[in-house]
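One structure is given here, and the rest of the page talks about it.
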Amino acid sequence: MSTERKNIVITGASSGLGEGMAREFAAKGRNLALCARRTDRLETLAKELTETHPGITVVTKALDVTDSDAVFRVFREFRDELGSIDRVIANAGLGKGQPIGTGYFEANKQTIETNVIGLLAQCEAAMEIFREQKAGHLVVVSSVSAVRGMRGNVTTYAASKAAAASLAEGIRAQHLSKDTADIAVTTLLPGYIESEMTGRASKTPLMVSGEKGAQALVSAIEAEKAKAYVPWWPWTVLAQVLRFAPLSLVRKLS
């Protein structure tokens, strides 16, 4: 990383991976702009972080990323309060879903609206600010499930995360020129990390704790690579196995 990203926006920061990353960045002395739908949990987290790390600034705002106008407004307010935004971690997401054609269209639609349309709004709002500043780091949280189509309850979620990865790569391609060399884009593809969305770690031997997962995510973010599977082992290898495996095998694993 060429420069320290001091002021960091994290969406979906009230719990899970977002909360874990906020704790890790606070320990590194970064200023945080945290947003989520549940403001009570955000305020409790902000109070804890500023008491534990008195040298940092933590600001919070309510945000439902499916409200596109609110995304643009909140990001600009964060920029004005902190003076600049150096990094946006588009982490807010939804994991609900049911098999296609079983009468749960609304649940699957909500996942797409949050994970695709909501993500697009976050990326648009972040990149507008970065282009004005001529610097910044956009981090898109996708998933290892983006590698292949998945069955059952994960079908819509996996499709939304594939869209997220493709969107991030397209934005990265747009900003490879010398004129935008100080704008970086990273795609994170987490494997099984304990959170409200994934459940308890005891359910699978491949799942790591939320704390270890957050540490791995922050390490990957700080490296500012184009793409990172998290944790690096075993997901970098398993992702390639999934990519080329017959669909019948993928079906058994999903």
Side-chain angles (χ1 to χ4, degrees), residues 5-27 30-54 56-97 106-107 109-130 132-133 136-142 157 160-161 164 167 188 190 193 195-198 210 214 217-218 221:
R5 311 290 187 180
K6 185 67 175 177
N7 300 329
I8 302 174
V9 173
I10 305 176
T11 66
S14 63
S15 64
L17 303 184
E19 179 184 352
M21 288 187 285
R23 293 182 186 281
E24 293 296 320
F25 280 118
R30 311 300 172 83
N31 298 323
L32 298 172
L34 308 178
C35 51
R37 290 176 297 176
R38 294 175 290 189
T39 55
D40 55 334
R41 298 182 66 161
L42 277 182
E43 291 166 2
T44 300
L45 175 61
K47 184 175 184 294
E48 175 192 334
L49 295 180
T50 51
E51 289 177 351
T52 306
H53 310 285
I56 69 171
T57 298
V58 181
V59 293
T60 66
K61 292 186 186 296
L63 180 63
D64 181 344
V65 297
T66 62
D67 183 345
S68 300
D69 290 340
V71 173
F72 284 86
R73 173 179 52 78
V74 166
F75 278 29
R76 289 170 185 149
E77 289 174 353
F78 279 149
R79 177 199 57 194
D80 293 344
E81 290 182 46
L82 296 179
S84 67
I85 293 176
D86 303 316
R87 173 180 287 143
V88 170
I89 302 174
N91 167 73
L94 198 60
K96 67 191 297 184
E106 289 301 324
K109 177 186 175 185
Q110 190 176 357
T111 294
I112 290 292
E113 289 175 340
T114 302
N115 296 359
V116 181
I117 307 302
L119 174 63
L120 176 61
Q122 294 171 74
C123 291
E124 291 268 13
M127 293 308 298
E128 280 189 6
I129 293 170
F130 293 161
E132 290 173 4
Q133 297 176 166
H137 182 205
L138 174 64
V139 180
V140 172
V141 180
S142 178
Y157 175 79
S160 74
K161 290 303 183 177
L167 178 62
L188 296 180
I193 299 175
S195 68
E196 289 182 351
M197 189 179 297
T198 58
L217 287 166
V218 168
I221 290 168

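Below, all heavy atoms of this structure are taken into account, side chains as well, without hydrogens, waters or symmetry copies. Residue indices begin at 1 and follow the sequence shown. Source: prediction; values computed, not measured.
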For this session: Mind checking side chain to side chain contact (heavy atoms under 4.5 Å, CB included) for Ala22 and listing every partner two or more places apart, or none if nothing turns up?
Result: Ile10, Leu32, Leu34, Leu45, Leu49

Problem set entry | By side chain to side chain contact (heavy atoms under 4.5 Å, CB included) - contacts of Lys6 (at least two apart) | Glu4, Asn31, Asp86

Exercise. How far apart are the C-alpha atoms of Arg38 and Ser15, what are their side-chain angles, what is the distance that settles it, and do they pass the side-chain hydrogen bond (donor to acceptor under 3.5 Å, both in side chains) test?
Worked result: CA-CA 9 Å; Arg38 294 175 290 189; Ser15 64; 2.8 Å; yes

Decide yes or no for [X] and [Y]: does some side-chain heavy atom of the first lie under 4.5 Å from some side-chain heavy atom of the second?
{"X": "Val140", "Y": "Leu167", "value": "no"}
{"X": "Met127", "Y": "Ile129", "value": "no"}
{"X": "Val139", "Y": "Asn91", "value": "no"}
{"X": "Phe75", "Y": "Leu63", "value": "yes"}

How long is the span from the [atom1] atom in [X] to the [atom2] atom in [Y], to the nearest 0.5 Å?
{"X": "Phe25", "Y": "Arg5", "atom1": "CZ", "atom2": "CZ", "value": "11.0 Å"}
{"X": "Ile112", "Y": "Leu94", "atom1": "CD1", "atom2": "CG", "value": "10.5 Å"}
{"X": "Lys96", "Y": "Thr114", "atom1": "NZ", "atom2": "OG1", "value": "8.5 Å"}

For this session: With salt bridge (charged side-chain N to carboxylate O under 4.0 Å, His left out) as the test, would you mind laying out the steps for Arg73 and Glu77 before giving the verdict?
Result: CA-CA 6 Å; Arg73 173 179 52 78; Glu77 289 174 353; 3.7 Å; yes

Exercise. Is there a donor-acceptor pair closer than 3.5 Å between any side-chain N or O of Gln133 and the backbone N or O of Ile85?
Worked result: yes

Exercise. What pair of heavy atoms forms the shortest contact from Gly95 to Tyr157, and how long is it?
Worked result: CA-CD1, 3.8 Å

Exercise. Is any side-chain N of the basic residue among Glu19 and Arg23 closer than 4.0 Å to the acidic one's carboxylate O?
Worked result: yes

For this session: Evaluate salt bridge (charged side-chain N to carboxylate O under 4.0 Å, His left out) for Lys61 paired with Glu81, printing each intermediate quantity in order.
Result: CA-CA 12 Å; Lys61 292 186 186 296; Glu81 290 182 46; 2.7 Å; yes

